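This one's a predicted model, so the numbers in the text were calculated from it and none came from an experiment.
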Amino acid sequence: LRFHTVYWPTFLLAAGRPLPKKVFAHGWWTVEGQKMSKGLQNVVEPKGNRAPTALIMVDLDDFKAVNDGHGHQKGDEALKAVAETIRAHVRGSDFSARYGGDEFVVVLGGCDRVEAEERAHFLQDAVARVVLETTSGAVQRLGISVGVSMFPDDGVSIDSLITAADRRMYLNKSGRR
């Protein structure tokens, strides 16, 4: 089973990069017309493989404040910076994608809960080092909330894993405020 990193096409276009012929997320569909949830299902539920797999939900903290206070272009820059940070800090065998809005999903194959939690917190630390310059020249620090779920411990369907990770992400968010 090969995992794919899925990039949001707008991020690549905004960075002036051509769109490679890999799988891209466009909403919840790839540009090839395959439903991304099916791709996630294959990652989380590979046939004949019950190896532990972690799913990390990532939510950009205070995204509305960035958009409202600094404009949608700066909001896009924030999303792009988070996506690039996630991409830079996951293994080539991991799956990462923008889930929607200001949320991302990362799937780590062959990863136990302890390692997944460590990697999720490592992503938080990496994003906390990202600095966004606002239109007024001020500095805006970025932050993310994370939640981890494990296949098969927390569920055996993509929906149950997303629900469990989402719930933990909101606990993480409320515990850090």
Side-chain donor or acceptor of [X] paired with backbone N/O of [Y] under 3.5 Å:
{"X": "D94", "Y": "R91", "answer": "yes"}
{"X": "H70", "Y": "V66", "answer": "no"}
{"X": "R141", "Y": "V131", "answer": "no"}

For [X] versus [Y], what's the shortest heavy-atom pair and its separation?
{"X": "S160", "Y": "G155", "answer": "OG-CA, 3.3 Å"}
{"X": "L55", "Y": "L161", "answer": "CD2-O, 4.2 Å"}
{"X": "E103", "Y": "M169", "answer": "OE2-CE, 3.3 Å"}
{"X": "M150", "Y": "C111", "answer": "CE-O, 2.9 Å"}
{"X": "A78", "Y": "L60", "answer": "CB-CD2, 4.1 Å"}
{"X": "Q124", "Y": "N172", "answer": "NE2-OD1, 2.9 Å"}

So, taking the atom named [atom1] in [X] and the one named [atom2] in [Y], what distance separates them when rounded to the nearest 0.5 Å?
{"X": "L79", "Y": "N67", "atom1": "CG", "atom2": "CG", "result": "7.5 Å"}
{"X": "F104", "Y": "T85", "atom1": "CZ", "atom2": "OG1", "result": "9.5 Å"}
{"X": "L108", "Y": "R119", "atom1": "CG", "atom2": "CZ", "result": "4.5 Å"}
{"X": "I144", "Y": "M57", "atom1": "CD1", "atom2": "CE", "result": "11.5 Å"}

Any ion pair linking R113 and D154 (charged N to carboxylate O, less than 4.0 Å)?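 Looking at D154 and R113, the cut-off is met.
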Do the charged groups of K74 and E77 touch, with an N to O distance under 4.0 Å? yes
Check whether any side-chain heavy atom of D61 lies under 4.5 Å from a side-chain heavy atom of L142, and answer yes or no. no
Would a single hydrophobic cluster contain both Y99 and Y170, if residues Ile, Leu, Val, Met, Phe, Trp and Tyr are joined by side-chain heavy-atom contacts under 4.5 Å?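 Looking at the clustering, Y99 is in the same group as Y170.
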Among R98, K64, K173, which residue meets the salt bridge (charged side-chain N to carboxylate O under 4.0 Å, His left out) test with D59?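 It is K173, the one option of R98, K64, K173 that forms the salt bridge (charged side-chain N to carboxylate O under 4.0 Å, His left out) with D59.
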Could you tell me whether E115 atom CD has more than 12 heavy atoms of other residues or ligands within 6.0 Å of it?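 Atom CD in E115 is packed in, count exceeds 12.
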Quick one: which of I86, D102, V105 gives a side chain to side chain contact (heavy atoms under 4.5 Å, CB included) with V58? I86
